[in-house]
Amino acid sequence: MNARLPDGERERLARAALSRVFEPGDERGGRWIREAGPVELIRRLTGPDGPARALEGMTATRLAGYRLRAVSADPGRDLASVAAIGGRFVCPGDREWPSQLDDLGDARPIGLWVRGRSDLRLWALRSVALVGARACTPYGAHMAGTLAAGLAERGWVVVSGAAFGVDGAAHRGALAAGGATMAVLACGVDVAYPRGHAELIGRIAEQGVVMGELPPSDHPTRTRFILRNRVIAALTRGTVVVEAEYRSGSLVTARNAQRLGRFTMGVPGPATSGLSAGVHELLRGEGVLVTDAAEIAELIGEIGELAPARSGRVLPRDVLDADSARVLDALPWAGVTGSRDVARSAGVSTDEALGRLYELHSLGFVEREGDGWRLTPGRTRDGDVRRGGT
């Protein structure tokens, strides 16, 4: 490492090199970076064995593996590669670094490779993760897109992993609403994975932010997908799982969010659907059931971001006071009855019953027939027209 470079640039180069040495979430490597510093650590990993073997927990086998990667790392080339596609490498301590990632402790990213013009830290402050099954149902895709659009319209940044299924639907929903979205990849930010989402990832890079822990050209693996989920959980205010089976990476994201003290939410689905089984298990625990963007914003937003009160449809009889409703209930479903019989059934005086009947008549609930009273034909006691009536 060139000693004549400013300290900040030397550390950036060292972290870029270490992002090729350690796998995402390597807590042992994170501890060594914290204790020795990135510049000293890369020096030990590329120098004589003695100083590197002195690191707590280092073994000959581990050192051999780390050294193979360290000696071939070319951080200057990687930084130039990401700059060539309009990207940058954001490190802890930078103004743009999202400090909530520090909650991951020694498992926090060594740095983040980023594409997109927007400020990563500012966008992350008001962000929510939408995750779920890759092989989602049409219901899952619809809910993900609708929730993302609703959140984007409310000024929230939608974060997901750019995978098929729920992830893709969430990104598209936010983009369609003209909102903000960020994709956290399990590969280099110059790699379009999955290939079928190359155009979508390009749109996100143009209109939002694409980021990842892995240096340019690095490929995804199953383990890297799982470890990527901790970044999604830590970066955002809360995680919403739309559809997930019992063994789903989306539930890993939710469990990470719970451990980090973030909000964890789930969208219910059919009890018979295996793709909703994992979500329902989450909701049986500490997850909160949500059905629309307003409910999500109410949970994770600021004071005053309240979801509208909900109730069933208003029926005509809802305008009646208790005594009038009791008199209405006293009339038989069919036929005519006298006011004295109504009074007896309702438990009121005859005069009171008669007064209430005239009130109900003016509102269209009952009709007078001779000296008797009956329900208006075609109406129920709720005031709705009977099915099949006129």
Side-chain angles (χ1 to χ4, degrees), residues 1-3 5 7-76 78-79 89-94 97-113 184-188 211-235 249 252-253 255-262:
M1 203 70 64
N2 190 336
L5 289 173
D7 289 345
E9 287 307 304
R10 292 174 65 209
E11 178 167 333
R12 189 175 307 280
L13 283 166
R15 284 186 175 274
L18 290 169
S19 73
R20 283 210 177 270
V21 174
F22 297 119
E23 283 294 305
D26 187 330
E27 293 189 63
R28 187 182 295 107
R31 187 181 75 247
W32 292 335
I33 291 173
R34 174 170 53 82
E35 292 174 351
V39 175
E40 172 62 15
L41 181 57
I42 196 66
R43 186 189 68 79
R44 293 192 190 188
L45 293 177
T46 55
D49 284 0
R53 290 291 295 273
L55 294 167
E56 183 182 351
M58 182 66 80
T59 65
T61 302
R62 287 188 185 126
L63 179 57
Y66 290 141
R67 190 182 293 281
L68 275 175
R69 290 183 169 188
V71 296
S72 62
D74 187 344
D78 286 338
L79 290 170
F89 185 56
V90 179
C91 300
D94 287 351
W97 178 256
S99 59
Q100 59 267 46
L101 291 178
D102 298 341
D103 293 346
L104 291 168
D106 288 336
R108 77 175 180 178
I110 295 169
L112 287 173
W113 301 88
V184 183
L185 305 184
C187 54
M211 76 189 85
E213 298 176 77
L214 292 157
S217 77
D218 252 18
H219 62 279
T221 64
R222 178 182 291 272
T223 302
R224 288 172 173 179
F225 280 120
I226 295 298
L227 291 167
R228 177 270 308 272
N229 294 337
R230 82 193 195 289
V231 177
I232 294 176
L235 190 68
V252 174
T253 308
R255 287 192 287 270
N256 281 325
Q258 288 175 339
R259 282 195 293 269
L260 292 166
R262 310 294 197 261

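Both backbone and side-chain heavy atoms feed into the values below; hydrogens, waters and symmetry mates do not.
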When rounded to the nearest 0.5 angstrom, what is the spacing between CG in Leu227 and CZ in Arg222? 12.5 Å

CG/Leu104 to CZ/Arg259 distance, rounded to the nearest 0.5 angstrom? 10.0 Å

Residue pairs involving residues 35-62 (criterion ring-ring contact (aromatic ring centres under 6.0 Å, His included); sequence neighbours excluded): none

Do Arg262 side-chain atoms and Leu260 backbone N/O form a donor-acceptor pair below 3.5 Å? yes

How close do Ala60 and Arg53 get, heavy atom to heavy atom, and via which atoms? CB-NH1, 3.9 Å

Nearest heavy-atom approach of Gly76 to Leu13 is N-CD2, 3.9 Å

What one should report as the nearest heavy-atom pair of Asp78 and Pro215 is OD2-CB, 4.0 Å

Determine which pairs satisfy ring-ring contact (aromatic ring centres under 6.0 Å, His included) with at least one residue from residues 24-60, sequence neighbours left out, and list them in order. Trp32-Tyr66

When you compare the side chain of Leu45 with that of Leu63, does any pair of heavy atoms fall below 4.5 Å? yes

Asn229 side chain vs Gly249 backbone, donor-acceptor pair below 3.5 Å: yes

Apply the side-chain contact (heavy atoms from CB on, under 4.5 Å) test between Trp113 and each candidate in Leu185, Leu79, Leu214, Val90; give the one that qualifies. Leu79

Flag the pair Glu11 and Arg15 as a salt bridge only when some basic side-chain nitrogen lies within less than 4.0 angstrom of an acidic carboxylate oxygen. yes

Residues Asp218 and Arg20 bridged, charged N to O under 4.0 Å: yes

Looking at CD of Glu27 and CZ of Arg34, how far apart are the two atoms once the value is rounded to the nearest 0.5 Å? 10.5 Å

Ignoring hydrogens, what is the shortest heavy-atom contact between Leu112 and Leu101? Give both atom names and the distance. CD1-CD1, 3.6 Å

Tightest non-hydrogen contact, residues Ile42 and Ala17, listed as CD1-CB, 3.9 Å

Looking at Asp102 and Arg108, is any side-chain nitrogen of the basic one under 4.0 Å from a carboxylate oxygen of the acidic one? yes

Between Cys187 and His219, does a side-chain contact (heavy atoms from CB on, under 4.5 Å) hold up when you go through it step by step? CA-CA 5 Å; Cys187 54; His219 62 279; 5.6 Å; no

Is Arg224 salt-bridged to Glu23, going by a charged N under 4.0 Å from an acidic O? yes

Nearest-0.5 Å distance, CZ of residue Arg69 to CG of residue Leu18: 12.0 Å

Taking the side chain from Asn256 and the backbone from Val252, do they hold a donor-acceptor pair closer than 3.5 Å? yes

Nearest non-hydrogen partners of Pro109 and Pro92, listed with the distance: O-CG, 4.2 Å

Test item: Glu213 side-chain N/O and Pro24 main-chain N/O as donor-acceptor pair under 3.5 Å: no

Test side-chain contact (heavy atoms from CB on, under 4.5 Å) on Val231 and Arg228 and set out the steps. CA-CA 6 Å; Val231 177; Arg228 177 270 308 272; 5.6 Å; no

Flag the pair Arg28 / Leu55 as yes when at least one side-chain heavy-atom distance between them is below 4.5 Å, and no otherwise. no

Report yes or no: does Asp94 contribute a side-chain atom to a donor-acceptor pair with the main-chain N or O of Trp97 at less than 3.5 Å? no

